[in-house]
2 protein chains.
Amino acid sequence: MATIRDVSKLAGVSVATVSRVINKNGYVNETTKNSVLNAIKALNYKPSSIARSLAGMKTSTIALLVSDILNPFFPEISHAIESEAIKQGYSVILCNSDNNAEKEAEYIKILKEKRIDGIMIASYTIQAEQIKKLQEEGIPVVVLDREFPGHNVLTLMCKNREGASMAVQHLIDQGCKKIGHISGPLDVYAARERAIGYEEVTNKNNIYTPGLIVPGGFSIDGGYRALLELYAKYPDIDGVFAGNDLMGIGAIKALYDSNLYVPKNIKVIGFDDIDLSKTFMPELSTIKQPIYEMSKMALHYLMKQINNEDIVLTSYAYEVELLPRESTKKLEKEA
Amino acid sequence: MATIRDVSKLAGVSVATVSRVINKNGYVNETTKNSVLNAIKALNYKPSSIARSLAGMKTSTIALLVSDILNPFFPEISHAIESEAIKQGYSVILCNSDNNAEKEAEYIKILKEKRIDGIMIASYTIQAEQIKKLQEEGIPVVVLDREFPGHNVLTLMCKNREGASMAVQHLIDQGCKKIGHISGPLDVYAARERAIGYEEVTNKNNIYTPGLIVPGGFSIDGGYRALLELYAKYPDIDGVFAGNDLMGIGAIKALYDSNLYVPKNIKVIGFDDIDLSKTFMPELSTIKQPIYEMSKMALHYLMKQINNEDIVLTSYAYEVELLPRESTKKLEKEA
DNA sequence: AGTTTATATCTAACCGGTTACATATTAATA
DNA sequence: TATTAATATGTAACCGGTTAGATATAAACT
């Protein structure tokens, strides 16, 4: 593999000149530039990012830490982050914590050693303490879909509580009288907020019952099991607000396997608007959060921190949107 | 950020000794070792992988190049590769080409500059020529789910043709008389092989009609559109073999939207056995390919190349398995 | 003509590790 | 006791870039 010194020798100039040509900075004579360019081509020279990082004190690499790459929500984030990052000349190391705190800690250690320029966190297992440590070591951090009240971190999320309220209100509008909630892990901020939104609206309508909240771990399987549990306890349930689309899909599947149909017997609404929700049958009503937009802005703010522009480390909540689809349709005979 | 020299100073030893302690090689006195360890802790020292890579000529990083991270098939591969890689102390840069040849070429350039130790390719846009170039530059390569006959590359795939035959035979066994095929992009090896498997079995049963093959681009949308096209041309179709599960799901959706039901009116079988296929309603019959196992072995062979163990650069095809589910069920009244 | 400014290039230190080689001490063997 | 081997540690070159500072020439300005 050719080095910058090989190039400089072949072109008959110093390494500094070669460096200037490569980075298009400083003065370089047109003729000199061409002979350097020719030497580069002749040797098939590719500058080593490793050496460049060591000398330049930046890696042009960020990390994206996710909970579970098998959950379609995260590939959507990953896709957005990566697309935007590459536009700015950054590449992304994807770290899948698999919802495992130890694996996550191991990753964080590796990332520090790799001297990545910043880290984007979309993981439910991470603790505020770990984020604080990263920041103390000078590593820019942005957090997606979480909130750490009382900590100086930039976090982006959607209006979870409001969205949940919209979802439950929609079920009520569609005629539901007894509405269950399949929640995410309640130690996760977004899941908690959504549960609160559910509580608020059911309370206001005098249909709140604590037992109607069952956790479903944000997964299809969890949603499936949660629905069965819910239905066993309350066979007269007629609406379900699932804390995310995956659990909504799991719930619909469980109903189907129990010979109950959506929306005929029970109406179901999810949250997120992952791609799959409008492909599923029946199409899943949901609360859309602007995943691409949020991710894009998250990256934007991460870059600002990396470039030492000072920004306020606070949290932003994005608007959500109700997307009524088949799974909450009011059938004619009900009307 | 503390450096190895800071540590050596604090511990009162040379950098070589510190290096020996960190890497657990060479002779180090127990007492010395402890004082070094203490210094490391006191300074919160984390060795720089950058410097280490530059000096040691390896990055402990591999790249995974995928076609489309939004297609669940690829997160499953990604999950497997990443899980196995981290066990061996390697991290993975995930590169999503988005089915865009230019973006892919750009990534390959970046990866060369990053001096990654090896590259795992699961992308449909890559050309044999590019792989050859990578190899000539000494970069170990393993390819998943493709084949490049006549090229010396290690490729892992499943028995695509055989699986396709099994799928079509299964449809026939379930009573289908007119079977369509929604294919992947026919310039992709796996898609072509599956189409050939389809042709072989339909031919043998004298039900082959060229017009019954329609391309669906390996996506849900593509499958949806392909089915509509197929059905418009051949309204008497009673079975569909989709070249992957996503297209199978798209096809079922299209049928549903046309008031046709699966398996009642038409039976559908997919290929891959992605997680979603058994959650979908109806559950999608499919040909299971051992994604985790294949990916794991792919990584295994990549590591062998990285470690300069010589292996035969050839292609391996994994066994597939028919998973009959609801979408191809023979209903009682049909029997 | 003398001074300033813009252009062009080079030398060498530096980034933070690894490692070959030299050196010193102690233990084992002849 | 002399010699060899094992243990322990240090020095300094090297990996391949970047960049500050030195130097030199040509053009522009007093």
Is the [atom1] atom of [X] crowded by more than 12 outside heavy atoms at less than 6.0 Å?
X: Lys9(B); atom1: NZ; result: no
X: Lys41(A); atom1: NZ; result: no
X: Gln127(A); atom1: CD; result: no

In residues 23-45 of chain B, which residues come under 4.0 Å of DNA chain C by heavy atom?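 When residues 23-45 of chain B is checked for heavy atoms under 4.0 Å from DNA chain C, the hits, listed by number, are Asn23(B), Tyr45(B).
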Which nucleotide of DNA chain C is the first, and which the last, in the 5' to 3' direction, to come under 4.0 Å of a heavy atom belonging to chain B? dG16(C) to dT19(C)
What residues from residues 7-21 of chain B pass a heavy-atom cutoff of under 4.0 Å to DNA chain D? Gly12(B), Val13(B), Ser14(B), Val15(B), Ala16(B), Thr17(B), Arg20(B)
Assess the side chains of Asn96(A) and Tyr107(A): does a donor N or O sit below 3.5 Å from an acceptor N or O? no
Indicate whether the side chain of His79(B) and that of Asp98(A) have a donor and an acceptor atom separated by less than 3.5 Å.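 Yes.
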Can you name the residues that form a side-chain contact (heavy atoms from CB on, under 4.5 Å) with [X], not counting sequence neighbours?
X: Ala101(B); result: none
X: Ser295(B); result: Ile77(B), Ala80(B), Ile81(B), Leu144(B), Ile291(B)
X: Asn38(A); result: none

The criterion is side-chain hydrogen bond (donor to acceptor under 3.5 Å, both in side chains); which residues satisfy it with Tyr292(B), sequence neighbours excluded?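 Result, side-chain hydrogen bond (donor to acceptor under 3.5 Å, both in side chains) vs Tyr292(B): Glu84(B).
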Test side-chain hydrogen bond (donor to acceptor under 3.5 Å, both in side chains) applied to Ser35(A) - qualifying residues, sequence neighbours left out: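 For Ser35(A) there are no side-chain hydrogen bond (donor to acceptor under 3.5 Å, both in side chains) partners, ignoring immediate neighbours.
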Summarise protein proximity over nucleotides 22-28 of chain D in one line of letters, 5' to 3': B for base, S for sugar-phosphate only, - for none, counting protein heavy atoms closer than 4.0 Å. -------
Please list all pairs meeting salt bridge (Lys or Arg N to Asp or Glu O under 4.0 Å) that have one or both residues in residues 300-309 of chain A, counting only residues at least two apart or in different chains.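 Listed by first then second residue: Lys304(A)-Glu309(A).
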With under 30° as parallel and over 60° as perpendicular, where do the rings of Tyr301(B) and Tyr316(B) fit, or are they tilted in between?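 Plane angle under 30°, so parallel.
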Can you tell me if Glu82(A) uses its side chain to pair, donor with acceptor, with the backbone of Leu94(A) under 3.5 Å? no
Based on the rotation axes of five pairs at each end, what angle does the helix from dA1(C)-dT30(D) to dA30(C)-dT1(D) bend through, to 10°? 40°
According to side-chain hydrogen bond (donor to acceptor under 3.5 Å, both in side chains), does anything in residues 56-67 of chain A pair up with another residue at least two apart or in another chain? List the pairs. Lys58(A)-Tyr90(A), Thr59(A)-Asp117(A), Thr61(A)-Lys114(B)
Nearest atoms (heavy-atom pairs only) where Gln88(A) meets Met303(A):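 Smallest interatomic distance, heavy atoms only, reads OE1-CG, 3.8 Å.
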